[in-house]
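For reference, the structure is listed below as structure tokens.
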Amino acid sequence: MSGVVASGPSTPSTVPRVRLRGANVRQAYDLALTGALGALFGLYLYVELVQAESVYMRDALAGLLIGGSLGVFLNGYGPLRDGAWLKLARSVTWGAPAAALGGALGLVAGEVVIGLLRGGLLGRSLSWAVLGLGIGLGQGLADRSRDRLLFGLVGGGLGGFLGGFLFEWLRVALGDRLDVSASQAVGIVILGAGLGLCLALVEQALRRAWVQVQSGRQEGRIYLLAHPRCRLGLDERAEIGIFGDASVARRHAEITATPNGYVLHHLAAQNSTRVNGTPVAGPRPLQDGDRIELGHTLLLFRHR
């Protein structure tokens, strides 16, 4: 991965944009793959466990299992990558039930939509968009963030619409050459991948402030500053968990959002925090492109 961090104060012109683009592509790819696997696992649970005769009951249970599975996979992706097991448990505990309930309501509502529109490309796309809205709701509730809630709803709706459009187009193009099981699997994979991809792209397009890990075990990891106060450190309850660096304290620093911008506060009693090579003694206003050093870990602050 290219991009060398220059010494001295950083300006927008010195921000390693190639490295950021690479991280964005990886995040989009990882969430698309994670969504596809989560949806496929949910379909497996539905096939193995559900034998209801009522159409609406089947839809509700299918949405419950597929939405819940997507909630587990999509909300667990970041903490699992970090090796943050406590954060993984908390994210899944909040996100899976919300996505499951949203999936159940969304799939039942989607059936009503596709019935009113009598199927077709638009009907399928809008019905899956309703399902995606329900599942995307779980993304915001898991993080308990207004920004995440917005990104989840927009990304879920767009992902569902895209998945429904591609599935219906593919179904018509292939005619009856796919059996029912294969058709279900293809449709669910498209839905999950579309949801994951659009959730990542919407966050990248709409985010206002974030930090990216430039060195260390989590190199490339992007943390959204989606809360008024974001803690940095080894503590798994921290919004920005920095792991694999023994020189980082559990409560090392925090970034707070103010009416005038973002401010960094040093918290650790012994370990230092530096911005562009200068130790932080008091509140330090942050500018786009600032380099934040915690122990041996380097972070890049970005703000639009």
So if I apply the side chain to side chain contact (heavy atoms under 4.5 Å, CB included) rule between L43 and each of I188, V189, L65, which one comes out positive?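 So the option named by the test is I188.
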
Which one of T34, N75, L195, L37 satisfies the side chain to side chain contact (heavy atoms under 4.5 Å, CB included) criterion with L70? L195

For a quick test of reading the model, state the closest non-hydrogen atom pair linking [X] to [Y] and the distance between them.
| X | Y | value |
| --- | --- | --- |
| L191 | G160 | CD1-CA, 4.0 Å |
| G164 | S125 | C-OG, 3.8 Å |
| L234 | V248 | CD1-O, 2.8 Å |
| G282 | V280 | O-CG1, 3.1 Å |
| C198 | L162 | SG-CD2, 4.2 Å |

I292 vs R274, test: side-chain contact (heavy atoms from CB on, under 4.5 Å). Steps then yes/no. CA-CA 6 Å; I292 304 171; R274 297 174 297 280; over 6 Å; no

Could you go step by step and tell me if L232 and L294 meet the side-chain contact (heavy atoms from CB on, under 4.5 Å) rule? CA-CA 9 Å; L232 299 85; L294 281 71; 3.8 Å; yes

I would like to know whether R251 and D235 meet salt bridge (Lys or Arg N to Asp or Glu O under 4.0 Å); could you show each step before the answer? CA-CA 7 Å; R251 296 181 69 251; D235 192 341; 5.9 Å; no

Show me the pairs that pass ring-ring contact (aromatic ring centres under 6.0 Å, His included) and involve [range], at least two apart or across chains.
| range | value |
| --- | --- |
| residues 76-111 | none |
| residues 95-142 | W128-F167 |
| residues 238-260 | H252-H266 |
| residues 274-299 | none |

Is there any side-chain hydrogen bond (donor to acceptor under 3.5 Å, both in side chains) pair reaching into residues 145-157, and which pairs are they, with sequence neighbours excluded?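 Qualifying pairs: D147-R208, R148-E203.
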
Name all pairs fulfilling the side-chain hydrogen bond (donor to acceptor under 3.5 Å, both in side chains) condition that reach into residues 154-170, sequence neighbours left out, sorted by first residue then second.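 Listed by first then second residue: R124-E168, E168-R171.
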
Test: R231 and E254 ion pair at under 4.0 Å: no

Test of understanding: with ring-ring contact (aromatic ring centres under 6.0 Å, His included), list the residues that count as partners of Y46, not counting sequence neighbours. none

For R207, all residues meeting side-chain hydrogen bond (donor to acceptor under 3.5 Å, both in side chains), sequence neighbours excluded: N24

Who are the side-chain hydrogen bond (donor to acceptor under 3.5 Å, both in side chains) partners of Q218, not counting sequence neighbours? D82, Y223

Say whether Q27 and Q204, considering side chains only, have a donor N or O and an acceptor N or O under 3.5 Å apart. yes

Distance alone, cut at 3.5 Å: any donor-acceptor contact between the side chains of D245 and T297?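 Indeed, the side chains of D245 and T297 share at least one donor-acceptor pair under 3.5 Å.
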
Walk me through whether L201 and L158 qualify under side-chain contact (heavy atoms from CB on, under 4.5 Å). CA-CA 10 Å; L201 294 180; L158 288 176; over 6 Å; no

Using 0.5 Å steps for rounding, measure from the CD1 atom of I255 to the NE2 atom of H227. 13.0 Å

Just how far is it from atom CG of L61 to atom CG of L49, taken to the nearest 0.5 Å?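 The CG atom of L61 sits 9.5 Å away from the CG atom of L49.
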
Any chance CZ of R58 has more than 12 other-residue heavy atoms, nucleotides or ligands included, within less than 6.0 Å?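 Above 12, so yes.
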
If you count the non-hydrogen atoms of other residues, nucleotides and ligands that lie under 6.0 Å from CZ in R304, is the total more than 12?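 Yes, the 6.0 Å shell around CZ holds more than 12 heavy atoms from other groups.
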
Begin with the C-alpha distance, continue with both residues' side-chain angles, and end with the deciding distance and a verdict on side-chain contact (heavy atoms from CB on, under 4.5 Å) for L199 and L74. CA-CA 10 Å; L199 286 168; L74 291 174; 3.7 Å; yes

Residues that, via side-chain heavy atoms closer than 4.5 angstrom, fall in one hydrophobic cluster with V108: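 Via sub-4.5 Å side-chain contacts, V108 links to Y56, V112, L116.
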
Other members of the hydrophobic cluster containing V130, with the 4.5 Å side-chain heavy-atom rule, please. V113, L117, L122, L126, F161

Test of understanding: with salt bridge (Lys or Arg N to Asp or Glu O under 4.0 Å), list the residues that count as partners of R81, not counting sequence neighbours. none

Worked verdict on K87 versus E236 for salt bridge (Lys or Arg N to Asp or Glu O under 4.0 Å): CA-CA 6 Å; K87 182 176 288 188; E236 289 196 13; over 6 Å; no

Do you reckon V50 sits in the same ILVMFWY cluster as I135, going by side-chain contacts under 4.5 Å, direct or chained?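 Per the 4.5 Å side-chain linkage, V50 and I135 are co-clustered.
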
